[in-house]
Undergrad: 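Below: one structure in structure tokens.
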There are 2 protein chains.
Amino acid sequence: MGRPREFCPDQALGQALEVFWRQGYEGASLSDLTEAMGITRPSLYAAFGNKEELFRKALDRYESHVMGFMAEAMRQEPAREAVAGLLYGFADAQSGQDTPAGCLGVNGALACSEASEPVRQELARRRGAVEARLAERLRAAPAGQLPPGADPDDLARYVMALAQGMAVQAKSGAGREALRRVVATALQAWPDSVAAA
Amino acid sequence: MGRPREFCPDQALGQALEVFWRQGYEGASLSDLTEAMGITRPSLYAAFGNKEELFRKALDRYESHVMGFMAEAMRQEPAREAVAGLLYGFADAQSGQDTPAGCLGVNGALACSEASEPVRQELARRRGAVEARLAERLRAAPAGQLPPGADPDDLARYVMALAQGMAVQAKSGAGREALRRVVATALQAWPDSVAAA
DNA sequence: CCAGAACCATACCACACGGTACGAAACCGT
DNA sequence: ACGGTTTCGTACCGTGTGGTATGGTTCTGG
């Protein structure tokens, strides 16, 4: 009962996600957000709590929607295919025509004022979680599927560094083609012959 | 003539550099800056213009001091040594004990409000300049020094992506050892045998 | 020893920030 | 039709932002 809200929370969250994605947590003001979401300040607070909670919900939506490809990519065999799926998936997600450039997890709050330190740490935590999942995936690979002498943890960190670096490049203006060539260049170092072994 | 200033501009700039490095352009308030520099607001404006000019001067100082190793690294032979020198140099610069984590060029303003767009673009421009210098260095390498089938432009973009990704990792808490292993993992893909060819 | 010049410190400005109080409007169950 | 409930819109709050006016202070050149 009571007056029904005049906006769709999910759609509004999608708009908020875009603003955070483009401008980062601190760079997105409440005015930017409410304007993009098409709702007023009090409506935002009633529906989403406050700016930080809104950001966390946008982050959840980002992970489940934009990064949804990850789960399937990780399942690919052999391990090299999983890494290739991840990297090409990141490249595409960071260079979408209808989405902001780069990655919300990197754009969100890399360096910020002390007030946003909790947000920064949360993002670092989530990046670490992805890296841990990848390390686990690589550790489960049969011997011989990884490049000779490569440690799964090191390899996972290397792949994530590359992904995050591509996010920086995308935000700097690099297009999809450029990013895909970065992935291809990296994968040339991990020949199919190794995977076939 | 006139009253002499009671602070050393170069030292004050160094303190400002540290604050920008740690908190980024927007995340560093004038209060943060003046407190770290040990000077008052009007002194800052008299000596450095305004916040944006101060940032640009800090950026120049960063390039000439912290990134000073680049010129020598690029001169190394063969090309693989130049890339190795660059990457290890970045890894060390991003994980210094007495300096903020990460890279000022990446921390400074990756995503920001519209007001700081000029700063963001300037940083993207400078990152591109480094990439262009590296591409030129690789293009000048004798045939056979690069991995087979690798395009110098793609290779340069790949190396820069890795460096910028390490900057993200460093800001996330990765230590020097972790970063160096990322570099080593990347360099394993570019065997010495290729360089010796 | 004084005039001019540059610097320092305080106190201030307009404005944008994140967040909220409050009254009017719109709905549901009875 | 009406009471209770929830939303919406406006107008506001305290605080912090980047930036500056002003007056006292400390130096140099003559």
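Here the structure is a predicted model, which means the values were calculated and not measured. What you see below is based on every heavy atom in this structure, not just the backbone, and it leaves out hydrogens, waters and symmetry mates. Throughout, protein chains are lettered first and strands after them, A, B, ... in sequence-line order, and every chain is numbered starting at 1.
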Undergrad: For the backbone of B/Lys57 and the side chain of B/Asp60, can you confirm whether one donor and one acceptor N or O come within less than 3.5 Å of each other?
TA: no
Undergrad: Using a cut-off of under 3.5 Å, enumerate the N/O to N/O pairs linking the protein to nucleotides 28-30 of chain D.
TA:
none

Undergrad: Decide if atom CD of B/Glu77 counts as having more than 12 heavy atoms of other residues, nucleotides or ligands within a radius under 6.0 Å.
TA: yes
Undergrad: Is a side-chain donor or acceptor of A/Gln145 paired with a backbone partner of A/Ala79 at a separation under 3.5 angstrom?
TA: yes
Undergrad: Quantify the bending of the helix from C/dC1-D/dG30 to C/dT30-D/dA1 as the angle between its end axes, each fitted on five pairs, to 10°.
TA: 10°
Undergrad: Per the salt bridge (Lys or Arg N to Asp or Glu O under 4.0 Å) rule, what does the pair list look like for residues 158-176 of chain B, sequence neighbours excluded?
TA: B/Asp92-B/Arg176
Undergrad: So does A/Gln169 get a backbone contact from the side chain of A/Gln94, meaning a donor-acceptor N/O pair under 3.5 Å?
TA: no
Undergrad: Just the table, please: protein N/O against nucleotides 15-17 of chain D N/O, every pair under 3.5 Å.
TA:
from   : atom 1 : to      : atom 2 : distance (Å)
D/dT17 : OP1    : B/Ser29 : OG     : 3.4

Undergrad: I need the CD-P distance between A/Gln23 and C/dC17, as an integer number of Å.
TA: 10 Å
Undergrad: Check for a donor-acceptor pair, side chain of A/Arg80 on one end and backbone N or O of A/Trp190 on the other, with a separation under 3.5 Å.
TA: yes
Undergrad: For A/Glu6 and C/dA26, give me the distance from atom CD to atom C1', rounded to whole Å.
TA: 8 Å
Undergrad: Listed by chain and number, what are the side chain to side chain donor-acceptor pair (under 3.5 Å) partners of A/Tyr25, not counting sequence neighbours?
TA: none
Undergrad: Hey, is the main chain of B/Ala156 close enough, under 3.5 Å, to the side chain of B/Glu131 for a donor-acceptor pair?
TA: no
Undergrad: What nucleotide among C/dT20, D/dT20, D/dC8 has an atom nearest to a side-chain atom of B/Tyr45?
TA: D/dT20
Undergrad: For C/dC8, does OP1 or OP2 lie under 4.0 Å from any side-chain N or O of B/Ser43?
TA: yes
Undergrad: Would you be so kind as to tabulate the donor-acceptor pairs closer than 3.5 Å made by side chains of residues 36-43 of chain A, with sequence neighbours excluded?
TA:
from    : atom 1 : to      : atom 2 : distance (Å)
A/Thr40 : OG1    : A/Ser43 : OG     : 3.2

Undergrad: Between D/dT7 atom P and A/Phe48 atom CZ, what is the distance in whole Å?
TA: 12 Å
Undergrad: What's the verdict on side-chain contact (heavy atoms from CB on, under 4.5 Å) for A/Leu33 and A/Leu30, showing C-alpha distance, side-chain angles and the deciding distance?
TA: CA-CA 5 Å; A/Leu33 292 165; A/Leu30 281 184; 4.2 Å; yes
Undergrad: Send over the distance from A/Glu52 CD to C/dG18 P, rounded to a whole Å.
TA: 13 Å
Undergrad: Going by the rule side chain to side chain donor-acceptor pair (under 3.5 Å), which residues pair with B/Asp10 if we only count those two or more places apart in sequence or in a different chain?
TA: B/Arg61
Undergrad: Using side chain to side chain donor-acceptor pair (under 3.5 Å) as the criterion, list what pairs up with B/Arg75, not counting sequence neighbours.
TA: none
Undergrad: Could you work out, with side-chain contact (heavy atoms from CB on, under 4.5 Å) as the rule, every residue matching A/Gln121, not counting sequence neighbours?
TA: A/Glu117
Undergrad: To the nearest angstrom, how far is A/Arg5 atom CZ from D/dG9 atom P?
TA: 13 Å
Undergrad: For A/Tyr62, give me all partners under ring pair (Phe, Tyr, Trp, His ring centres under 6.0 Å), at least two apart in sequence or on another chain.
TA: A/Trp21
Undergrad: Mind calculating the distance between CD (A/Glu35) and P (C/dC17) to the nearest angstrom?
TA: 11 Å
Undergrad: All N/O contacts under 3.5 Å from nucleotides 22-25 of chain C to the protein, with atom names and distances to one decimal?
TA:
from   : atom 1 : to     : atom 2 : distance (Å)
C/dA25 : N3     : A/Arg3 : NH1    : 3.2

Undergrad: Kindly say whether B/Ala101 contributes a backbone atom to a donor-acceptor pair with the side chain of B/Asn107 at under 3.5 angstrom?
TA: yes
Undergrad: Are any of the side-chain nitrogens in A/Glu122 or A/Arg125 under 4.0 Å away from the carboxylate oxygens of its partner?
TA: yes
Undergrad: Which whole-number value in Å describes the distance from A/Ile39 CD1 to C/dG19 P?
TA: 14 Å
Undergrad: Any residue in residues 110-126 of chain A with a heavy atom nearer than 4.0 angstrom to DNA chain D? Just list them by number, or reply none.
TA: none
